[in-house]
Amino acid sequence: MTLQQGKLDITDRVVGKLQNGEIVLYLENEQIGKVPLPSGSDIQLEHHFESAGEKIFQLVSTPSRDEPRYTDCDEGGWC
């Protein structure tokens with residue numbers, strides 16, 4: 001019996017992570033390659049995301065502080 005070489009399409013399983021000015025490609029936890037980004041390249045993101053330095057942030061809404069009506073609960077758990 002002999003083994004034959006072939007190709008398996010894994011494109012939809014590859015994940016890219018932004019690291020040190022390049023996109024590092026992973027298949028599961030194995031690093032399989034990288035794509036260097038040109039210096040000064042701009043990352044275009046959807047309106048609820050932004051980038052700063054080597055980080056990508058999702059813009060979310062969170063309550064600014066607890067509202068008193070939800071913090072004054074009795075011993076039975078009723079608020």
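Only this structure's heavy atoms are used, side chains among them; waters, hydrogens and symmetry mates stay out.
Nearest approach of Leu25 to Gly16, heavy atoms of both residues: CD2-CA, 4.1 Å. Of all non-hydrogen atoms in Tyr26 and Lys17, the two that sit nearest each other are CE1-CD, 3.8 Å.
Under the 4.5 Å side-chain heavy-atom criterion for grouping Ile, Leu, Val, Met, Phe, Trp and Tyr, Val24 is not connected to Leu37 through any hydrophobic cluster. Ile23 and Val14 fall within the same hydrophobic cluster, defined by Ile, Leu, Val, Met, Phe, Trp and Tyr side-chain heavy atoms under 4.5 Å apart, directly or through other members. A continuous path of ILVMFWY side-chain contacts below 4.5 Å connects Val35 to Ile32, so both sit in one hydrophobic cluster. The hydrophobic cluster containing Leu8 also contains Leu27, counting ILVMFWY residues as joined when their side-chain heavy atoms lie under 4.5 angstrom apart, directly or transitively.
Atom CD of Gln58 has more than 12 heavy atoms from other residues, nucleotides or ligands within 6.0 Å.
Going from atom CG of Leu18 over to atom NZ of Lys55 covers 10.0 Å, rounded to the nearest 0.5 Å. Considering CG of Leu45 and CD1 of Ile56, their distance stands at 5.5 Å, rounded to 0.5 Å.
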